[in-house]
Amino acid sequence: MSKRIQVNDLNVFYSQFKAVEGVNMVIEPRSVTAFIGPSGCGKSTFLRTLNRMHEVIPGARVEGEVLVDGNDLYGPGVDPVLVRRQVGMVFQRPNPFPTMSIRDNVLAGVKLNNRRQSKSEQDDLVEKSLRGANLWNEVKDRLNLPGSGLSGGQQQRLCIARAIAVSPDVLLMDEPCSALDPISTLAIEDLIEELKTEYTIVIVTHNMQQASRVSEKTAFFNIAGTGQPGKLIEYADTAKIFSNPDVQATEDYVSGRFG
Amino acid sequence: MTTASPQRAALRAVRRPGDRIFSGTALGAGVVILLLLAAVAIFLITESLPAFTADPDEIGMLRGATFLEYVAPLVFGTLWAALLALIIAAPLAVGIALFISHFAPRRLAAVIGYVVDLLAALPSVVYGLWGATTFAPILQPFYVWLNENLGWIPLFEGPVSATGRTIATAALVLAVMILPIMTAICREVFLQAPRLHEEAALALGATRWEMIRMAVLPFARGGMVSAAMLALGRALGETMAVTMVLSASGVITFDLISSTNPTTIPANIALSFPEAYGEGVNVLIATGLILFIVTFAVNAIARYIVNRRAAFSGAN
Ligand SMILES: Nc1ncnc2c1ncn2[C@@H]1O[C@H](COP(=O)(O)OP(=O)(O)O)[C@@H](O)[C@H]1O
Ligand SMILES: [Mg+2]
């Protein structure tokens with residue numbers, strides 16, 4: 001499954017500090033959308049509002065709407081726990097559970113849903129998810145060893161396997177390759193290419209080539225100065241953002257003139 | 001050989017004074033600890049020997065029994081009281097620590113943490129007085145009730161103590177005494193659970209409790225066992241509180257509320273020492289040696305449990 005996300009007039013606050021202001025955006029299903037922009041402009045903050053992960057931080061709150069297939073994530077009575085089961089997330093630093101085996105890591109989310117599964121169903125799901133994350137061949141002989149024994153790139157793909165094992169509608173990735181070597185990075189980029197046939201993918205990246213390689217649409221965020229809120233400056237097809245953007249600041253950023 | 005040596009000397013790392021002082025102090029401290037431990041062990045063993053070798057009939061303290069017959073109920077009582085205290089305190093400590101680290105608002109958490117730490121500052125005589133004079137009478141009617149309604153369970157068989165100064169009361173007082181150290185250690189290890197893994201659990205759609213079960217408790221496992229062992233060590237060695245609370249008769253029984261109670265090694269030493277003479281003193285020291293060994297064994301078992309799953313501990 002794959003869903004359309006619509007964001008209306010979204011502001012994000014950390015207590016009194018307004019970190020992101022006035023974001024309007026439509027993210028199409030079965031596509032990859034990249035967020036780029038200088039550090040501290042609120043990309044992570046905004047990304048986390050798409051599955052209510054910002055609420056984990058004390059004092060963080062939003063104003064505005066985020067609609068997933070028309071349903072407001074912030075509507076009354078919406079359980080953030082259920083939102084996060086629909087909208088999965090992969091973090092900057094690979095974070096498989098070190099106390100669990102590779103197999104249990106993949107199954108971690110499924111077990112939460114209290115779905116009773118037979119051993120063979122679980123085996124199938126583990127294989128399907130690990131294949132989906134291009135990791136199966138590397139780990140199929142050591143599924144019962146701890147996930148922390150894998151390389152960084154493998155750990156990150158394990159995290160992706162864990163996220164897709166619960167069949168979310170949307171997959172959010174916050175700089176998933178920034179802690180990885182170039183080969184592992186390419187492996188993840190290939191994977192993103194395959195995953196977009198099934199999921200709506202949003203990826204934050206510092207790497208301009210990566211944005212242009214993997215995404216259909218790109219959003220450029222920027223801040224006027226420290227202490228100012230981050231804003232969505234330009235949002236368009238990736239090709240357009242990297243060849244002839246409408247806004248001067250976007251052009252300066254993608255051509256490396258600042259940031 | 002001679003031509004190579006100047007080069008070799010140049011390659012050797014410079015030993016800076018700071019490094020040397022630090023490694024010297026560390027080594028010294030380690031050696032002192034080992035020496036202390038050895039000195040204690042040697043003292044205990046040499047002073048205990050007469051108790052094992054002498055004729056039991058000539059030692060008044062043993063009242064004709066062999067040393068083993070004398071010490072068995074004490075070992076039982078020591079382990080039983082400490083185990084009961086641990087069973088009562090462990091869930092409470094983990095619960096309070098989790099509340100402080102993951103549920104309470106920051107201000108409230110600080111207050112609760114402070115109050116629990118204060119419990120640790122109370123001298124054990126105070127616990128003993130409070131347990132014997134206040135807590136035991138409060139508990140006594142409850143013991144009567146337990147005996148009437150659950151008397152078919154051997155634990156509550158009775159006859160019920162009239163004073164309330166039972167092994168159950170002693171274990172409860174011990175539980176309160178070991179609560180602070182367990183809570184403090186558990187709180188520290190819970191706070192150290194990596195944010196990264198907590199967020200991983202939450203992002204998978206875990207509730208707060210599920211997140212704790214996935215990312216906090218497994219990570220804190222070793223720390224919790226250590227906390228329990230430290231607490232158990234304190235409970236095993238606690239003297240004053242047990243001496244004052246328990247009306248002891250040196251039997252082996254699992255009955256929690258009866259008027260005849262097992263006693264513990266430290267409490268027995270404290271009670272019997274004033275009237276001990278000659279080889280009686282050696283007998284008491286020998287019970288101390290047994291306590292030393294028991295505590296050692298308990299710690300070793302705990303280490304073994306923690307190390308068995310070291311690969312999954314999250315330390316790598
Ligand atoms: N937990 C937090 N508490 C308070 N302010 C935060 C927190 N996280 C981020 N911020 C602030 O919000 C702004 C945006 O941060 P972030 O979303 O991390 O930017 P980016 O991901 O684009 O580098 C920054 O000014 C940052 O200092
Ligand atoms: Mg960021």
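All chains are named by letter (A, B, ...) in the order of the sequence lines, taking the proteins before the strands, and each is independently numbered beginning at 1. Heavy atoms only: backbone and side chains are in, while hydrogens, waters and symmetry mates are out.
Heavy-atom distances place no part of A/P80 under 4.5 Å from chain B, backbone and side chain included. In this structure, chain B has no heavy atom under 4.5 Å from any part of A/R52.
Contact count against chain B (heavy-atom pairs under 4.5 Å) is highest for A/V81 among A/N51, A/V81, A/V83.
For residues 198-208 of chain B, the interface with chain A (any heavy-atom pair closer than 4.5 Å) comprises B/E199, B/A200, B/A201, B/L202, B/A203, B/L204, B/G205, B/A206, B/T207, sorted by residue number.
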Side-chain donor-acceptor contacts of residues 167-190 of chain B below 3.5 Å, not counting sequence neighbours, with atom names and distances?
residue : atom : partner : partner atom : Å
B/T169  : OG1  : B/Y143  : OH           : 2.8
B/T169  : OG1  : B/G164  : O            : 2.5
B/T169  : OG1  : B/T166  : OG1          : 3.3
B/T183  : OG1  : B/L179  : O            : 2.7

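Between atom CG of residue A/L112 and atom CE of residue B/M211 there is a gap of 11.5 Å, rounded to the nearest 0.5 Å.
Heavy-atom neighbours of B/F103 CZ from other residues, nucleotides or ligands within 6.0 Å: above the threshold of 12. With a 6.0 Å radius and a threshold of 12 heavy atoms from other residues, nucleotides or ligands, B/F142 has its CZ atom at or below the threshold. Around atom CZ of B/R20, more than 12 heavy atoms belonging to other residues, nucleotides or ligands sit under 6.0 Å away.
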*Give the intermediate values and the outcome of salt bridge (charged side-chain N to carboxylate O under 4.0 Å, His left out) for residues A/R85 and B/E210.*
CA-CA 13 Å; A/R85 287 178 190 179; B/E210 287 167 337; 3.4 Å; yes

*Starting from the C-alpha separation in whole Å, work towards a yes-or-no answer on side chain to side chain contact (heavy atoms under 4.5 Å, CB included) for B/R221 and A/T99.*
CA-CA 10 Å; B/R221 218 168 136 269; A/T99 51; over 6 Å; no

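Residues A/M100 and B/M214 form a side-chain contact, since some pair of their non-hydrogen atoms from C-beta on lies under 4.5 Å apart.
A distance-only check finds no donor-acceptor pair linking the side chain of A/N95 to the backbone of B/H197 [under 3.5 Å].
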